[in-house]
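Here is the structure we will look at, set down as structure tokens.
Letters A, B, ... mirror the listed sequences (proteins, then strands); counts begin at 1. Worth saying up front: this structure is predicted, and the values here are computed from it rather than measured.
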4 protein chains.
Amino acid sequence: MSGKLRVGILGATGTVGQRFIQMLERHPQFEVTAVAASERSENKAYAEACSWHLPGEMPQFVKPLRVQAPQPPLDCDVIFSSLPAEMAQAVEEDFARAGYPVISNSSSWRMSADVPLLIPEVNHDHLRLLEAQRASRAFAKGGFIVTNPNCSTVMLAMALAPLHARFGVSAAVATTMQALSGAGYPGVASLDATDNVLPFIANEEEKIERETLKILGRMNGTRIDHAAFPVSAQCHRVNVSDGHMAAVRVKLARSATLQEVRDALASYTSLPQELHLHTAPERPVIVRDEPDRPQPRLDRYAGGGMSVTIGRIMPDRVLDYRFVALSHNTIRGAAGAAILNAELLAAKGYFDSTRSGAA
Amino acid sequence: MSGKLRVGILGATGTVGQRFIQMLERHPQFEVTAVAASERSENKAYAEACSWHLPGEMPQFVKPLRVQAPQPPLDCDVIFSSLPAEMAQAVEEDFARAGYPVISNSSSWRMSADVPLLIPEVNHDHLRLLEAQRASRAFAKGGFIVTNPNCSTVMLAMALAPLHARFGVSAAVATTMQALSGAGYPGVASLDATDNVLPFIANEEEKIERETLKILGRMNGTRIDHAAFPVSAQCHRVNVSDGHMAAVRVKLARSATLQEVRDALASYTSLPQELHLHTAPERPVIVRDEPDRPQPRLDRYAGGGMSVTIGRIMPDRVLDYRFVALSHNTIRGAAGAAILNAELLAAKGYFDSTRSGAA
Amino acid sequence: MSGKLRVGILGATGTVGQRFIQMLERHPQFEVTAVAASERSENKAYAEACSWHLPGEMPQFVKPLRVQAPQPPLDCDVIFSSLPAEMAQAVEEDFARAGYPVISNSSSWRMSADVPLLIPEVNHDHLRLLEAQRASRAFAKGGFIVTNPNCSTVMLAMALAPLHARFGVSAAVATTMQALSGAGYPGVASLDATDNVLPFIANEEEKIERETLKILGRMNGTRIDHAAFPVSAQCHRVNVSDGHMAAVRVKLARSATLQEVRDALASYTSLPQELHLHTAPERPVIVRDEPDRPQPRLDRYAGGGMSVTIGRIMPDRVLDYRFVALSHNTIRGAAGAAILNAELLAAKGYFDSTRSGAA
Amino acid sequence: MSGKLRVGILGATGTVGQRFIQMLERHPQFEVTAVAASERSENKAYAEACSWHLPGEMPQFVKPLRVQAPQPPLDCDVIFSSLPAEMAQAVEEDFARAGYPVISNSSSWRMSADVPLLIPEVNHDHLRLLEAQRASRAFAKGGFIVTNPNCSTVMLAMALAPLHARFGVSAAVATTMQALSGAGYPGVASLDATDNVLPFIANEEEKIERETLKILGRMNGTRIDHAAFPVSAQCHRVNVSDGHMAAVRVKLARSATLQEVRDALASYTSLPQELHLHTAPERPVIVRDEPDRPQPRLDRYAGGGMSVTIGRIMPDRVLDYRFVALSHNTIRGAAGAAILNAELLAAKGYFDSTRSGAA
């Protein structure tokens with residue numbers, strides 16, 4: 001008996017599911033014991049059901065696992081979900097109702113009033129929402145749902161959080177240049193990607209504008225008062241494999257010097273760093289002062305793919321300051337985000353009833 | 001005798017120089033009679049001196065022309081210049097002083113108070129600056145300098161012009177995704193371009209922020225009152241061969257409905273269209289209503305590369321409206337811009353004294 | 001009444017179907033009067049059914065045409081087909097049986113003994129197979145099937161034809177680097193294309209090895225004796241939008257100097273050039289002597305996309321000579337190939353009974 | 001005192017130089033104590049002199065090292081050189097003459113009769129050439145030159161070696177699709193790389209054809225009898241950042257079944273594996289049986305970038321067998337090749353006199 005929490009992955013054959021498996025291969029606290037996916041894959045061994053698209057070989061441990069239907073029961077203590085949004089709502093609720101903690105990367109539950117939309121560095125106090133969730137929903141003991149944000153929102157929220165804390169953000173404008181892997185596989189057609197930019201990603205602008213405000217909101221009793229400033233997002237798909245970039249402008253509530261803005265970003269650290277969570281990067285935000293950074297190819301793996309790299313911090317003529325942010329969209333923006341959430345939940349004891357329940 | 005104006009091209013072997021030659025091959029009013037470039041190329045035949053990088057073969061007519069030094073005299077009536085900025089200032093002035101009209105794509109003279117920074121659709125009345133230029137400078141009869149804007153600025157200014165005319169623009173925010181050809185040849189290293197975005201283009205943000213306001217300024221006697229609103233530009237190089245894109249937000253002085261904004265853009269037409277200038281596109285601004293346009297690969301050659309395509313016009317939460325603009329950076333953004341300027345100058349009689357002077 | 005042959009396109013909404021429509025927009029002999037595609041598109045206007053992926057706008061004329069089922073009757077004199085192989089066999093036969101000439105780009109009928117696999121420059125005499133076809137098949141008067149080769153095979157066969165005619169080819173080795181558009185739309189996933197090469201294209205190597213020998217075969221009465229030399233093909237998908245490239249080695253039956261090989265290729269001309277067929281390029285094979293040509297980006301539109309560009313002709317240490325060939329895979333390799341076939345058939349009177357039959 | 005061999009890198013700021021530094025950062029036997037480069041960089045700290053282009057940050061240890069002139073003496077025990085060929089010949093000889101062992105990635109000395117062109121798995125016995133080198137050249141005690149092959153040659157030779165050993169190779173045909181990093185930085189212009197293939201790499205075909213035969217040659221006393229079969233190489237640059245691919249055909253001297261060919265490749269292991277050299281991959285050749293492998297994006301880091309991945313092994317119609325090979329061009333093809341050479345030399349005691357000499 002390893003003493004690790006046993007993880008079941010929903011959507012295990014997809015792009016994010018593969019990242020989950022890759023990142024959990026040698027994780028000290030979690031081990032993957034169940035994989036589930038849509039009907040086409042069911043009952044095949046994972047090695048057969050999954051066309052592995054990440055560099056490096058499919059980890060040995062996962063090859064023989066049978067792909068099961070995404071419904072309870074599964075032989076695991078915790079559920080990590082990257083199901084498509086249209087399936088996720090019902091399926092994730094089914095698992096929570098059956099007593100499984102559900103750590104979800106899907107968009108279905110993110111905006112529900114009693115579901116934490118969690119970035120451990122930014123709003124770990126939002127976990128208090130789980131009390132409301134427990135109170136109002138008929139979930140079996142140990143069951144709950146915690147979500148992580150959209151891949152671009154994570155990056156924006158992490159860049160805004162230190163500024164909002166120190167100076168107050170009164171408006172934010174983000175223009176994204178997003179990587180192909182964000183669309184999954186097969187995702188974007190190569191004829192649309194080569195020598196081209198696509199100025200449209202379905203629902204992305206809305207998600208960023210909405211989710212950012214919940215994440216930066218304040219706990220008020222057992223509910224969140226969303227942040228009140230306007231957010232504007234324009235989203236583009238560019239010919240990059242991994243690594244979302246955003247050109248950001250912010251208006252601040254209190255005046256700040258360029259140096260103060262830089263310092264607020266560069267010195268940012270938070271609870272996951274204090275707790276030394278396994279997947280937490282030493283520096284959640286890395287500031288680079290070279291004129292031509294960040295770049296997806298050079299910076300996406302900073303902090304093991306968990307750091308947001310920020311550069312080109314400058315005064316702006318229309319808002320107050322501007323900068324360029326970059327992070328790895330399937331690590332900090334998806335699988336790594338969910339894993340870090342799970343690590344925080346473990347550290348805070350949220351899985352304790354689960355484990356005894358499963359024993 | 002063809003009756004055409006004889007053109008000399010400075011910087012003839014570069015990326016923009018090649019576009020000049022390609023676009024002038026069958027031009028009804030101009031013919032290339034002289035080519036000049038930096039010292040390495042001098043005295044070779046153009047066919048030898050130039051490594052042709054445009055699709056299609058080098059035009060026959062230019063192959064035997066000797067590449068000369070970029071200094072007067074050259075056997076031509078008009079100068080088209082795409083010299084590097086550091087050379088352009090002195091060389092272009094030398095030609096103007098010697099009585100040549102200089103149509104320049106270089107940045108050196110753009111911001112000089114008595115030099116028109118011309119987009120024929122937008123500010124043809126700025127040609128009145130030439131009176132001031134004539135008065136103050138010791139140019140021989142027929143000599144003058146007219147410039148066109150930076151490749152990204154053209155696109156932004158053409159998108160803002162109809163809005164500024166109808167509603168007043170009170171702030172503009174542009175985030176560009178620019179093509180590789182904008183950096184010339186060899187320009188950007190392929191290792192920097194592949195699977196990557198570069199968040200830095202030297203001096204580009206400053207040019208856009210500055211030039212836009214001069215272009216949209218008003219003639220006041222013989223000088224220009226620059227437009228007074230703030231412009232913010234963040235510039236990025238993406239892995240696209242041709243076609244600059246910009247995500248734009250605007251704040252308007254007077255309120256306007258989405259439909260009014262769309263109509264102002266879609267119905268835009270101006271003097272070059274009235275005069276049926278050869279290179280003028282039927283529609284200087286093309287509005288597309290599909291959710292995923294404009295795209296560089298599909299839209300860069302709209303209007304023969306001379307139209308700006310605009311899509312995704314929507315209300316914005318921080319400023320008033322937003323949209324995405326695209327145009328061909330070496331046609332409308334460089335060679336085509338200069339040629340259209342020359343066509344307007346021809347139509348207005350600015351070359352008349354030149355020709356007789358040359359006769 | 002235009003006097004043009006009325007064309008029906010099967011598979012009209014696909015990548016090759018769109019090229020047909022683009023190339024026939026202003027064709028002097030053909031006009032598109034019917035468009036057909038798979039069930040999902042049926043009964044919609046073409047403008048709605050088709051997501052246009054070629055640069056430039058969808059031609060006006062085709063927008064209102066109703067997309068019909070791919071089955072006779074269609075309101076046209078001639079059928080151009082680019083149906084998927086699995087559908088093409090039965091559907092194309094249905095049309096031929098109903099008296100329509102079928103000009104097919106599909107692979108289904110290419111290797112049938114009584115079906116010409118036609119490249120007008122190379123084997124126009126193979127049209128005599130139509131006598132056998134007429135004799136053995138129960139096609140209504142005017143009905144027949146003519147096919148064009150696989151997109152890579154066209155290029156290889158056109159490069160080998162002049163060498164085979166003069167010196168005899170005794171072995172050919174081709175290694176292809178093929179463009180993304182050859183896989184249709186959505187085709188290759190961008191995550192597979194970006195920063196990558198795929199060493200596999202289903203059935204492609206077999207098609208090249210097989211079809212080349214039929215094309216270079218000799219008419220023997222009313223059947224073809226296939227050429228007898230071995231052909232080896234290794235096929236790769238590279239990150240290029242349009243333009244297939246092949247590195248070719250050949251062994252010759254009779255010895256030839258490098259100059260003789262170059263001359264045989266550079267001087268190649270044939271019946272379509274003599275007949276001045278509309279789509280025939282002036283030079284079917286263009287030899288370039290620069291060390292770094294051909295290149296897809298620079299050479300794919302040579303001869304309007306109908307020429308094969310060949311460079312780097314050199315002695316080879318294992319076979320006798322080697323060179324690199326390039327042609328546009330959706331023009332000379334697909335839509336243009338079929339249109340040129342139709343132009344030859346028209347010139348030879350093969351559509352005469354059709355037209356009167358349709359009257 | 002670390003007990004490690006102290007390494008000086010010539011060409012330390014280039015693409016391969018950066019790989020040396022990255023790979024040696026935590027090497028158990030070597031530590032970088034000196035960096036040298038061309039004049040422009042001299043006397044600056046490495047952090048200033050070098051524009052770091054590899055993902056991840058420049059290692060801390062190298063930042064303060066002064067960049068020195070590439071001439072003896074340097075404060076180190078061993079020289080790793082990746083100088084440009086035109087400089088390497090004289091400079092490397094100078095160092096050897098001064099008593100430094102020179103492990104060179106440059107092409108200058110590769111074909112010299114008394115210089116080993118070493119791939120430790122393939123021809124470790126060629127180190128006996130050093131006796132001849134010592135005898136004939138006036139190198140101070142401890143000085144010698146050992147080279148590694150061209151980046152494409154390594155891959156071809158490693159693929160041919162097991163076949164040559166078991167069956168004899170009687171002809172080899174290689175068509176390469178090479179990565180951009182092979183040209184260094186800035187190297188290939190992005191306008192040449194995007195949406196394109198370049199069919200020319202200067203001197204590359206000659207190097208592959210020549211070097212392969214020396215590597216596969218047999219020691220005969222103190223000289224090498226080069227292998228005698230013909231090698232044909234056609235080389236192309238494709239839009240891939242790292243990872244050279246080659247489509248290979250081979251003719252065998254003795255007949256072999258497909259299974260025997262596959263087994264010979266898959267079971268290949270050699271001295272570096274026996275000696276457990278630090279950089280030696282567990283499997284020098286990895287055979288993949290999926291129809292669409294190898295791929296640069298998925299397979300270049302196999303074996304830490306030191307394995308050659310081979311797939312698509314099949315009978316060939318012109319030669320006997322064919323396959324596709326892939327390896328990392330700046331690791332196994334350059335820096336890793338040299339480091340593995342050094343590890344073998346260390347294991348064999350070739351640095352012993354050096355160290356005491358330096359002491």
Exercise. Which one, A/Val231, A/Val318, A/Asn239, A/Val324, leads in non-hydrogen pairs under 4.5 Å with chain B?
Worked result: A/Val318
Exercise. In terms of heavy-atom pairs under 4.5 Å with chain B, which of A/Gly243, A/Gly311, A/Ala233 leads?
Worked result: A/Ala233
Exercise. So which residues of residues 175-187 of chain B are in contact with chain A at a heavy-atom cut-off of under 4.5 Å?
Worked result: B/Thr175, B/Met177
Just so I understand: if I count every heavy-atom pair under 4.5 Å between each of [options] and chain A, which residue has the most?
options: B/Pro230, B/Ser232, B/Pro294, B/Pro291; value: B/Ser232
options: B/Leu319, B/Val248, B/Leu326; value: B/Val248
options: B/Glu205, B/Met314, B/Arg293, B/Lys251; value: B/Glu205

Exercise. If you measure from the Lys or Arg side-chain nitrogens to the Asp or Glu carboxylate oxygens, is any gap between A/Arg317 and B/Glu206 under 4.0 Å?
Worked result: no
For this session: Name the region of A/Val238, side chain, backbone, both or neither, that has any atom closer than 4.5 Å to a heavy atom of chain B.
Result: side chain
Problem set entry | chain B contact via A/Ala202 - side chain, backbone, both or neither, heavy atoms under 4.5 Å | neither
For this session: Find out whether A/Asp292 and B/Leu198 are in side-chain contact, i.e. whether some heavy atom of one side chain is under 4.5 Å from a heavy atom of the other.
Result: no
Between [X] and [Y] (side chain of the first, backbone of the second, donor and acceptor by atom type, cut-off under 3.5 Å), is there such a pair?
X: A/Asp195; Y: B/Val240; answer: no
X: B/Arg312; Y: A/Pro199; answer: yes
X: A/Arg297; Y: B/Ala193; answer: no

Problem set entry | Closest non-hydrogen atom pair, B/Ala247 against A/His236 | CB-CE1, 3.6 Å
For this session: Specify the closest pair of heavy atoms between A/Val197 and B/Pro296, including all atoms of both residues, with the distance to one decimal.
Result: O-CD, 3.4 Å
Problem set entry | B/Asn196 portion near chain A, given a 4.5 angstrom heavy-atom threshold | both
Exercise. Does the side chain of A/Gln234 pick up a donor-acceptor pair with the side chain of B/Arg249 at under 3.5 Å?
Worked result: yes
